[in-house]
Student: 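Supplied in structure tokens, the structure appears directly below.
In this text, all values refer to a predicted model and were calculated from it rather than measured experimentally.
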Amino acid sequence: MKKIFLSIMALGMAFAAMAQGVDMSSQQMKEWRQLKHQRDISGMAAKSGRPQTEATYTAPKQSKALPQDRVWFPGEWEEVQAIVVTPYYSYAPDTNLGSGMYMADPLVTGVADYYKYNASRGWQSTGITGPYKSQIDTTSTFGNTFYYLMDGIQKGHAEAWVRVEYPKDSNVVLRKLARMGLRHDSVRFIVGPGNSFWYRDCGPICFYYGDQDSVAMMDFEYYPGRALDDSLPSLIYRQMHLPNYINTIEWEGGNCLVDGAGFLFTSDAVYGNNSDSYGQLTWNGRDYGTINYTTKPRLTSAQTKAALASLLGQRETHVLPAYQYDGGTGHIDLYADMCEENGFVFSIMPSNYSSWVDYRTGARNIDSLCSYTSIFDRPYYQAEIPFPCTDNGGNFTSQSSYNSNYTRTYSNHTFVNDLILQPCFSQVVNGRPSAAWDQERVEQLKAAYPGYTIYPVDVREFDGSGGAIHCITKQIPADNPVRILHKSIVGSANAMRGNDIPVSAIITNRSGVAHAECVYRINGGEWNTVTLAGNGNKFSGVIPTAGINERVVDTVVTTDMVDSVMVSDTAIVVRDTMVLVEYYISATSNNGKTINKPMTAHQGGYYSFYFDGHEEVLDSVNYDFSTEPRAMTDITFVFDASRTVLDESTAPIPSDPGDNPVAIDEVNAANAFGQFYPNPANEQANINIDLGNGGKYDVTIIDNMGRTVHTTSLQTAGNITFSIRADRLASGIYSVIFSGNGQQVVRRLVVK
């Protein structure tokens, strides 16, 4: 018993040493997050003092252009199979630095800069670079946020794809979810190193392509200085087997808003990020002094916009002025959202902030967005959601204070099928915010997003960081999508009184569409069904309204709503006529999948229009629009070979790091090369090679970020054993490439 107690005590001391005495919930840790986990680190490279260098690696395979067949980027409200997220990690020096509180800021795989806490000056760089260890935060309020998100993702009928540093960390996550009473049945793990948790920004922007609606990823370059997070799409590629297309445009997912029909909206913050020459961090794998920034070409604003237009905004690309006081990012996801292809939902600052710079910027941007026309050649409609408050429900004192200490917004949420992971700003009790003002605003959200299940998460711990839920989650689109594009009928239909209402939609699925219908009801009565006839991918029908008898409804009108009516009480009852029509579209594919539009129809999220005694005109009369896709021949962006180390769309899929890797030959080596053993290795890894009468091979070791960490050559004959000092490599997955004698052989090596 004494030995067991001592072992537990030693284990606790080891964890304490790793964290260097910093409590996850302490003020020092909050200051560390403010310093090193700000969402915007666009200026870090220039301020770091690290030199720039030309990239020292070359691509072993030729880069590949985007597929040209039916490329489309889905809207965020469309069906998803998974959401990518990570638990929060703290990193500490893996060495004894003496007394004091230390933290590590990861740079490249296994290597970090060290910082020490000073009571008067806060966290200060020690000037030391070295190895580091990681620890999952399972104790603080901030860390718990990520577990609530994992729970909400699963409640939204999707998988939580959780990035962890090591395979063993998956058990820590699952135990934590179980202890909190949260869902943990639909969790998959992605194993690999990271810097922070802003996965919207560093994660892939996914798209569909080809006649099978296959899912692939577009991998933009992330802020220089977070090289490990920049490799997240490559980790997903290797372990989840989604093709990955890498390019050199520096852009973040939080600054991307698409309507699912070829329209792209972003802010001009993307121009500044591409105007400098700083690329991502690189090193030679041995000497810490070689950790430098690569040099990339400077792009003009016109070049940057043209690149984004050719990649995502095939129909139109609109670049809006960035907010100045939003945590520094300039990202559009802090105030604008789309709930379908026809309209926007905006966070609008109240009039008492009219002196703020961003109040005026926001008003102009919203006017601009609503002046554009959708795929259906009509202006986008506009809905509004409320603006947050301080903790006591009051106003923010100034724009600079809001930017530095809050940057709160209800827009920064994430769709998970028929659920919304929703930021709120008070403690959540029994699934509701506890503050009355917060409850009121979340209820108002439901009007803008009808039918959605709202999953509130208290994100006050993110105050001042420049983002919240949308910024730390990333959607992976569903397989086998049944896609419905519909020109929704909304508002007054008086101009169509006595006529049938035309309903049409573009519906596609890789197997074809077996059946489509419009389901409607009048004044809350029985549901009726109209079959939509197909003509190619266009389906159309009519809602019969000629026989509708408008029924009388009672409307309560307060005295301040009428001018000259004699009343004896504070209200009167006016007789009025109104007919309300609610409807949705349902489609079933030939392979048996059924989807509704809106997706939340089963939860009451219907489209609706009405007839009354006035003369407004239905804004959705014209349904004669082309169903032909816009030509995609301009999508021929060839990626930069100096950045693309692997053409990940066609390269062999490496094994999951949790398994024993299986080596993959790119060219048949006639069984001359064996496998590395032991594998995983922590000291030395060996491989047996039969060189017969002799041969020369160049040997290149590439880490899981695609960087060359070591090169050598061998020239000999007969059966040999080639060894690698694994203890000189950081933990991770490596590709060892043997090139020579007209062949190339790749073997995978995992270093513990």
Student: Do Glu443 and Gln439 pair up side chain to side chain, a donor and an acceptor below 3.5 Å, judged on atom types alone?
Tutor: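 Side chains of Glu443 and Gln439: no pair found under 3.5 Å.
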Student: Between Tyr222 and Trp251 (judged by ring centroids, cut-off 6.0 Å), do the two rings come close enough to count as a pair?
Tutor: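 No: the rings miss the under 6.0 Å criterion.
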Student: How long is the straight-line distance from OH of Tyr148 back to NZ of Lys155, given to the nearest 0.5 Å?
Tutor: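 The NZ atom of Lys155 sits 13.5 Å away from the OH atom of Tyr148.
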Student: Only pairs at least two apart or in different chains count here, so list each side-chain hydrogen bond (donor to acceptor under 3.5 Å, both in side chains) that has a residue in residues 182-197.
Tutor: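 As it turns out, the side-chain hydrogen bond (donor to acceptor under 3.5 Å, both in side chains) pairs with a partner in residues 182-197, which skip direct neighbours, are His37-Ser196, Asp151-Arg183.
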Student: Would you confirm whether Asn405, through its side chain, and Tyr402, through its main-chain N or O, come within 3.5 Å as a donor-acceptor pair?
Tutor: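 Such a contact is absent between Asn405 side chain and Tyr402 backbone.
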Student: Go through the side-chain N and O atoms of Ser411 and Ser347 and say whether any donor and acceptor fall under 3.5 Å apart.
Tutor: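 Ser347 and Ser411 do have a side-chain donor-acceptor pair below 3.5 Å.
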Student: Verify, without hydrogens or angle tests, whether Asn244 (side chain) and Tyr237 (backbone) share a donor-acceptor contact under 3.5 angstrom.
Tutor: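 It does not hold such a pair.
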Student: Pair Ile472, Arg200 - check side chain to side chain contact (heavy atoms under 4.5 Å, CB included), show working.
Tutor: CA-CA 5 Å; Ile472 61 179; Arg200 173 70 48 177; over 6 Å; no
Student: Heavy-atom distance under 4.5 Å between the side chains of Gln422 and Val457, does that happen here?
Tutor: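 The answer is no; the side chains never approach within 4.5 Å.
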Student: Should Val85 and Arg163 be marked as a side chain to side chain contact (heavy atoms under 4.5 Å, CB included) after you check the CA-CA gap, both sets of side-chain angles, and the distance that decides it?
Tutor: CA-CA 6 Å; Val85 69; Arg163 196 279 307 181; over 6 Å; no
Student: Going by an N to O cut-off under 4.0 Å, is there a salt bridge joining Asp463 and Lys30?
Tutor: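 So Asp463 does not pair with Lys30 through a salt bridge.
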Student: Kindly say whether Val80 contributes a backbone atom to a donor-acceptor pair with the side chain of Asn417 at under 3.5 angstrom?
Tutor: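 Side chain of Asn417 to backbone of Val80: a pair is present.
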Student: Which distance, rounded to the nearest 0.5 Å, do you find between the OG of Ser125 and the OH of Tyr115?
Tutor: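 If we round to the nearest 0.5 Å, Ser125:OG and Tyr115:OH are 5.0 Å apart.
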Student: At their closest point, which heavy atom of Val459 faces which heavy atom of Pro423, and how far apart are they?
Tutor: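 Closest approach of Val459 to Pro423: CG2-CB, 3.7 Å.
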Student: Hey, are His470 and Asp337 close enough side-chain-wise for a donor-acceptor pair under 3.5 Å?
Tutor: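 Result is no, nothing qualifies.
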Student: Could you tell me if the side chain of Leu35 sits less than 4.5 Å from the side chain of Gln38, heavy atoms only?
Tutor: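 No, every pair of side-chain atoms sits at 4.5 Å or beyond.
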Student: To the closest 0.5 Å, what do you measure between CG (Leu334) and OH (Tyr323)?
Tutor: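 It comes to 9.0 Å.
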Student: Would you call Asp333 and Arg39 a salt bridge, taking side-chain N to carboxylate O under 4.0 Å as the test?
Tutor: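 The answer is yes: the pair qualifies as a salt bridge.
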Student: Checking Val187 against Leu177 for the side chain to side chain contact (heavy atoms under 4.5 Å, CB included) test, could you report, in this order, the C-alpha distance in whole Å, the side-chain angles of both residues, the deciding distance, and whether it holds?
Tutor: CA-CA 10 Å; Val187 182; Leu177 289 169; 4.2 Å; yes
Student: With the side chain counted from C-beta on, respond yes when Tyr223 and Asn273 share a heavy-atom pair under 4.5 Å apart, and no when they do not.
Tutor: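 Answer yes - side chains close enough.
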Student: Relative to each other, are the rings of Phe197 and Tyr88 parallel, tilted or perpendicular (30° and 60° limits)?
Tutor: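 Aromatic pair Phe197/Tyr88 classed perpendicular.
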Student: With distance as the sole test, does Ser398 use its side chain to make a donor-acceptor pair with the main-chain N or O of Ser401 at under 3.5 Å?
Tutor: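 Judged by distance alone, yes, a pair lies under 3.5 Å.
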Student: Would you check, one step at a time, whether the test side-chain hydrogen bond (donor to acceptor under 3.5 Å, both in side chains) holds for Ser140 with Asp137?
Tutor: CA-CA 7 Å; Ser140 75; Asp137 181 356; 2.4 Å; yes
Student: Identify the two heavy atoms, one from Ala468 and one from Trp198, that lie closest to each other, and give their separation to 0.1 Å.
Tutor: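 Heavy atoms only, the tightest pair is N-CZ3, 4.3 Å.
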Student: Could you tell me which non-hydrogen atom of Thr407 sits nearest to which non-hydrogen atom of Asp326, and how far apart they are?
Tutor: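 That closest heavy-atom pairing would be CG2-C, 3.6 Å.
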Student: May I ask you to check whether Tyr410 and Phe425 place their ring centres under 6.0 Å from each other?
Tutor: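 Centroid distance Phe425-Tyr410: below 6.0 Å, so yes.
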Student: Between Asp40 and Ser42, do the side chains contain an N or O donor and an N or O acceptor separated by less than 3.5 Å?
Tutor: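 The answer is yes; a qualifying pair exists.
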Student: Grab the two heavy atoms, one from Pro388 and one from Phe396, that are nearest each other, plus how far apart they are.
Tutor: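 Looks like O-CE1, 3.4 Å.
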Student: Can Arg33 be said to sit on top of Phe142's aromatic six-ring, NZ or CZ under 6.0 Å from centre and within 45° of the ring axis?
Tutor: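 Yes; both conditions hold, so Arg33 lies above the ring face of Phe142.
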Student: Could you check if a side-chain atom of Asn430 sits within less than 4.5 angstrom of a side-chain atom of Arg432, using non-hydrogen atoms only?
Tutor: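 No, their side chains stay 4.5 Å or more apart.
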Student: Taking Met103's backbone N and O only, do any of them form a donor-acceptor pair with Tyr132's side chain (distance below 3.5 Å, no angle check)?
Tutor: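 Flag not set: sc Tyr132 to bb Met103 has no pair under 3.5 Å.
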Student: Looking only at atom types and distance, does a side-chain atom of Asp201 sit under 3.5 Å from a main-chain N or O of Gly254, one as donor and one as acceptor?
Tutor: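 Between the backbone of Gly254 and the side chain of Asp201 there is a qualifying donor-acceptor contact (under 3.5 Å).
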Student: Enter the distance from Leu235:CG to Trp161:CH2 here, rounded to the nearest 0.5 Å.
Tutor: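 That separation rounds to 12.5 Å.
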Student: Should the ring pair Tyr353 and Trp356 be called parallel, tilted or perpendicular, given that the plane angle runs from 0 to 90° and is split at 30 and 60?
Tutor: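 Ring orientation, 0 to 90° scale: parallel.
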Student: Restricting to non-hydrogen atoms, name the atom on Gly203 and the atom on Leu232 that form the minimum distance, rounded to 0.1 Å.
Tutor: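 Nearest pair, atom of Gly203 first, then Leu232: CA-CD2, 4.0 Å.
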Student: Would Tyr102 and Tyr117 count as a close aromatic pair, with their ring centres under 6.0 Å?
Tutor: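 No, they do not, as the ring centres are separated by 6.0 Å or more.
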Student: Without swapping roles, check the side chain of Lys176 against the backbone of Thr138 for a donor-acceptor pair under 3.5 Å.
Tutor: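 The answer is yes, because a donor-acceptor pair under 3.5 Å joins these two groups.
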Student: Could you tell me whether the side chain of Asp358 and the main chain of Gln324 form a donor-acceptor pair under 3.5 Å?
Tutor: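 Such a contact is found between Asp358 side chain and Gln324 backbone.
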Student: Any chance the side chains of Asn255 and Ser267 put a donor and an acceptor closer than 3.5 Å?
Tutor: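 A donor-acceptor contact under 3.5 Å links the two side chains.
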Student: Is there side-chain contact between Glu252 and Thr329, with heavy atoms separated by less than 4.5 Å?
Tutor: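 The answer is no; the side chains never approach within 4.5 Å.
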Student: Centroid-to-centroid, Phe146 to Tyr199, below 6.0 Å?
Tutor: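 Not under 6.0 Å, so no.
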Student: Roughly how far apart are Thr129 OG1 and Asp287 CG, rounded to 0.5 Å?
Tutor: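 It is 10.5 Å, given to the nearest 0.5 Å.
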Student: Strictly below 4.0 Å, N to O, side chains only: are Glu76 and Lys474 in salt-bridge contact?
Tutor: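 Salt bridge: no.
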Student: Less than 4.5 Å apart, side chain to side chain, heavy atoms only: is that true for Ile136 and Glu165?
Tutor: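 Ile136 vs Glu165: side chains apart.
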Student: Please check: side-chain N/O of Ser434 versus main-chain N/O of Gln427, any donor-acceptor pairing under 3.5 Å?
Tutor: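 Checking the backbone N and O of Gln427 against the side chain of Ser434, a donor-acceptor pair under 3.5 Å is found.
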Student: Please confirm whether the backbone N or O of Gly122 pairs with a side-chain atom of Asn118, one donor and one acceptor, at under 3.5 Å?
Tutor: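 Between the backbone of Gly122 and the side chain of Asn118 there is no qualifying donor-acceptor contact (under 3.5 Å).
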Student: Over 60° means perpendicular and under 30° means parallel, so classify the ring planes of Tyr449 and Tyr452, tilted if in between.
Tutor: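 Because their plane-to-plane angle is over 60°, the rings of Tyr452 and Tyr449 count as perpendicular.
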Student: Which heavy atom of Cys256 sits nearest to which heavy atom of Ile332, and what is that distance?
Tutor: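 Of all heavy-atom pairs spanning Cys256 and Ile332, the closest is N-CG2, 4.2 Å.
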Student: Is there side-chain contact between Asn392 and Trp437, with heavy atoms separated by less than 4.5 Å?
Tutor: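 With C-beta onward as the side chain, the pair stays apart.
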Student: Evaluate Arg408 against Asp391 for salt bridge (charged side-chain N to carboxylate O under 4.0 Å, His left out), listing each step before the verdict.
Tutor: CA-CA 11 Å; Arg408 293 179 175 181; Asp391 288 348; 2.5 Å; yes
Student: Out of curiosity, Ile420 CD1 to Ile454 CD1, how far, rounded to the nearest 0.5 Å?
Tutor: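 Going from the CD1 atom of Ile420 to the CD1 atom of Ile454 covers 4.0 Å.
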Student: Output, in order, the C-alpha distance, side-chain angles, deciding distance and verdict of side chain to side chain contact (heavy atoms under 4.5 Å, CB included) for Thr109 and Leu228.
Tutor: CA-CA 7 Å; Thr109 305; Leu228 301 175; 3.7 Å; yes
Student: Between Thr409 and Tyr335, is any pair of side-chain heavy atoms under 4.5 Å apart?
Tutor: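 Side-chain contact under 4.5 Å: no.
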